[in-house]
Number of protein chains: 2
Amino acid sequence: MTIKEVSDKYQLSTDTLRYYEKVGLIGPISKNKSGIRDYKEVDLRTIAFVKCMRQANMPIDKLIRYMNLYKEGNKTLEDRKQLLVEQLHKVEKEIQELEKAKERLCYKIDLYDYQLLEKNLSMEKETVL
Amino acid sequence: MTIKEVSDKYQLSTDTLRYYEKVGLIGPISKNKSGIRDYKEVDLRTIAFVKCMRQANMPIDKLIRYMNLYKEGNKTLEDRKQLLVEQLHKVEKEIQELEKAKERLCYKIDLYDYQLLEKNLSMEKETVL
DNA sequence: CCTTGACTTAGAGTCTACTCCATGGTGTAA
DNA sequence: TTACACCATGGAGTAGACTCTAAGTCAAGG
């Protein structure tokens, strides 16, 4: 699979894909004789995971640490789990904060609706009289 | 209320408070004869709102636009509401994405628990034999 | 009076995560 | 075979949101 195809499939720019590879988040990706990347199934799975974790706002350096632990094999299971648990907590907290913000937004929007209603009523009055 | 007290109350650094004022997100804050800021009740309410919107990941420039509309008064009600509605949609989408990430994290953590269990069992076997 | 600690300013610096650029090679359809 | 879109590299540049620094002012306590 070419970098363009991967880019389209996962909605990550080709620049981003190369950047992720450079910093060690994915790959190294195998290349054909003329140096062009050929993404394999396992690469795609890594990319999907990375994308998901990035959407969970996991910072790049933490993700890199996770990937490095992964490469070290079985003895790092506990550490890797720990990283994910930490991230889970962060995600839960963020969801809570967003929910709070959401409520406030809804409340304010309601207020605006009310104010707009009043404004329109008074304009109508003006027009009628 | 001094900048330090506000900083403690809202968990925003004094630098950040001054920065918000500089870019026009809050204030201008009134100052005493020797030039020291004195935050009033209305400032605190603005700060609380700004903090909430920032936690909702509303970009600074959008917030500034909102604040400017607010200062223009009644005729901008519709526009302001529009900004908030947009932001609400963004927040809802982000919550969804975080929920997705959360599920994936939970799933992976479960897998790790299982793998760790297996590992410990086999270690126990080794010890016993 | 002097020190200490909190306050002020303007402006430079930092961090994260990309994103863009210049330059040059590749592959395939007409 | 030439045009075209795509690929590569290293390194510079950007956006957003702070964060820090230097240099100075001010009020209170010892």
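Each chain gets a letter, A, B and so on, in the order its sequence line appears, and its residues count up from 1.
Under a hydrophobic clustering in which Ile, Leu, Val, Met, Phe, Trp and Tyr are joined whenever their side-chain heavy atoms come within less than 4.5 Å, directly or via other members, B/L105 and A/Y70 fall into different clusters. Connection of A/L116 to B/L88 is established within a shared hydrophobic cluster, with ILVMFWY side chains joined at heavy-atom distances below 4.5 Å, either directly or through further cluster members.
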Interface polar pairs with nucleotides 11-17 of chain C, N/O, under 3.5 angstrom:
residue : atom : partner : partner atom : Å
C/dA17  : OP2  : A/I60   : N            : 3.3

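When rounded to the nearest whole Å, the span between CG of B/N32 and P of C/dA6 equals 17 Å. Rounded to an integer number of Å, the gap from A/M1 CE to D/dC7 C1' is 16 Å. Spacing between atom CD1 of B/I64 and atom P of D/dG16 amounts to 11 Å, rounded to whole angstrom units. Look at CD on A/E21: it is 14 Å from C1' on D/dG10, rounded to the nearest Å. For A/I29 and D/dT9, the CD1 to P distance is 11 Å, given to the nearest whole Å. Taking atom CD1 on A/I36 and atom P on D/dT9, their separation rounds to 10 Å, with Å as the unit.
At a non-hydrogen distance threshold of 4.0 Å, nothing from residues 2-14 of chain A comes into contact with DNA chain C.
With 3.5 Å as the limit, one finds no donor-acceptor pair spanning the side chains of A/S13 and A/D15.
Side-chain nitrogen and oxygen atoms of B/R37 include at least one within less than 4.0 Å of the OP1 or OP2 phosphate oxygen of C/dT8. Regarding contacts with the backbone of D/dT9, every side-chain N or O of A/R18 stays at 4.0 angstrom or more from both OP1 and OP2. Not one side-chain nitrogen or oxygen of B/K31 sits closer than 4.0 Å to the OP1 or OP2 atom of D/dC26. Residue B/T16 places no side-chain N or O under 4.0 Å from the OP1 or OP2 atom of D/dA17.
In this structure, the separation between CG on A/L98 and CD on B/Q96 is 12.0 Å, given to the nearest 0.5 Å. Of the inter-residue distances, the one linking B/R37 atom CZ with B/N32 atom CG reads 11.0 Å to the nearest 0.5 angstrom. The distance from the CD atom of A/E78 to the CG atom of A/L83 is 11.0 Å, given to the nearest 0.5 Å. Considering CG of A/L84 and CD1 of B/I109, their distance stands at 5.5 Å, rounded to 0.5 Å.
Counting only residues at least two apart or in different chains, side-chain hydrogen bond (donor to acceptor under 3.5 Å, both in side chains) contacts with residues 103-113 of chain A comprise A/Y112-B/Y66, A/Y112-B/R80, A/D113-B/K81.
Classification of A/R65 and A/D61 as a salt-bridged pair fails, no side-chain N sitting under 4.0 Å from a carboxylate O.
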